[in-house]
Protein chains: 2
Amino acid sequence: MRMHNPPHPGEIIKRLCLDPLGVSVTEAAQALDISRKTLSAILNGRAGISPEMAVRLSMAFGTSAESWLNQQTQYDLWHAEQRRKQLRVAKLAV
Amino acid sequence: MRMHNPPHPGEIIKRLCLDPLGVSVTEAAQALDISRKTLSAILNGRAGISPEMAVRLSMAFGTSAESWLNQQTQYDLWHAEQRRKQLRVAKLAV
DNA sequence: TAATTCGTAACGTAGTAGGTTACAGTTGAT
DNA sequence: ATCAACTGTAACCTACTACGTTACGAATTA
């Protein structure tokens, strides 16, 4: 189990993709063929990366869709793990 | 990009967890502290594995939540990739 | 000053996770 | 043959999320 709160994937998109290329949010949203609002929500952690969005990101930035989706998965999982102790689940196997 | 349609994670749950232990859907749902309907939907591919559900599965079956969530991610991604050609995304980087 | 960029509020649509209740079909034991 | 248990699923509900358009104020830049 991961120890530290992982950054949301939007932060990574901004730091590793937009900033280095000097691309504005508006321009990136146009390239991705999504609304500026949607991209803004992702960049600011108010929305996650959907499977389709992961494919869009891979097309625009030449990365793998899997890596984007995995980042989202790890982020979601960390938050779910924080609530593990509140779940009353019975063990069925060792 | 994966070539063949991956099975939905519910199939894996049934084959690798329920069947070997001889646990019924009803019993497993009770152990997981979810409704029988919800588990049935997962087992039959009509619902995905949420982050919280991945944690529940890990508690009941002694597996890692990450592995369950990754399976769902791979499954979702495969279907999103099938529609890649329909997305009109402009390349921003090589 | 004028134009651009950005975050975000307000509103709507669509889809999904999850619950309860109820029904019909199957199977196994008596 | 009957009864109980198991199963899938339909119907109905709530809550949340992804995504869109429009519009606004604040900040930045030409």
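The sequence lines fix the lettering, A, B, ..., with proteins before strands; numbering per chain opens at 1. For the numbers below, each heavy atom of this structure counts, side chains included, while hydrogens, waters and symmetry mates do not.
Atoms CD1 (A/Ile42) and P (D/dG20) sit 9 Å apart, rounded to a whole Å. The interatomic distance linking B/Asp33 (CG) with C/dG19 (C1') rounds to 12 Å, in whole Å. Separating the CE atom of A/Met53 from the C1' atom of C/dG15 is a distance of 15 Å, rounded to the nearest angstrom. Atom CG of B/Leu87 and atom P of D/dA18 are 17 Å apart (whole Å). If you measure from atom CG of B/Leu18 to atom C1' of D/dG8, you get 15 Å, rounded to the nearest angstrom. The distance between atom CG of B/Asn44 and atom P of C/dA17, rounded to the nearest whole Å, is 14 Å. Atom-to-atom, CG of A/Leu39 to C1' of D/dA18 comes out at 14 Å; the value is rounded to the nearest Å. Rounded to whole Å, the distance from CD on A/Glu52 to P on C/dG15 is 13 Å.
Of the listed nucleotides (D/dG20, C/dT8, D/dT9), D/dT9 has the atom at the smallest distance from the side chain of B/Ser40. Distance from the side chain of A/Ala47 is smallest for D/dA18 among the nucleotides C/dT5, D/dC6, D/dA18.
Contacts of A/Ser35 with the nucleic acid, taken as non-hydrogen atoms under 4.0 Å apart, include base atoms. As judged by a 4.0 angstrom heavy-atom cut-off over every strand, B/Thr38 is placed among residues touching the sugar-phosphate backbone only.
If you run side chain to side chain donor-acceptor pair (under 3.5 Å) between B/Asp76 and each of B/Gln74, B/Gln72, B/His79, only B/Gln72 comes through.
Looking at heavy atoms from C-beta onward, B/Leu16 lies out of side-chain contact with B/Phe61 at the 4.5 angstrom threshold.
For A/Glu27, there are no salt bridge (Lys or Arg N to Asp or Glu O under 4.0 Å) partners at least two apart in sequence or on another chain.
Contact between the side-chain N/O atoms of A/Ser24 and the OP1/OP2 oxygens of C/dC6 is found at a separation under 4.0 Å. In terms of phosphate contacts, B/Ser50 brings no side-chain nitrogen or oxygen within less than 4.0 Å of OP1 or OP2 of C/dT16. For B/Thr26 and D/dA5, the shortest distance from a side-chain N or O to OP1 or OP2 is not below 4.0 Å.
Heavy-atom distances to DNA chain C give each of A/Leu43 and B/Arg36 a nearest nucleotide, and the one nearer the 5′ end belongs to A/Leu43.
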May I have the step-by-step check of side-chain hydrogen bond (donor to acceptor under 3.5 Å, both in side chains) for A/Trp68 and A/Thr63, ending in yes or no?
CA-CA 8 Å; A/Trp68 291 115; A/Thr63 52; 2.6 Å; yes
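Under 3.5 Å, the side chain of B/Lys37 and the base of C/dG19 form at least one donor-acceptor pair of N or O atoms.
The pair B/Lys14-B/Glu11 does not count as a salt bridge, with every side-chain nitrogen at least 4.0 angstrom from each carboxylate oxygen.
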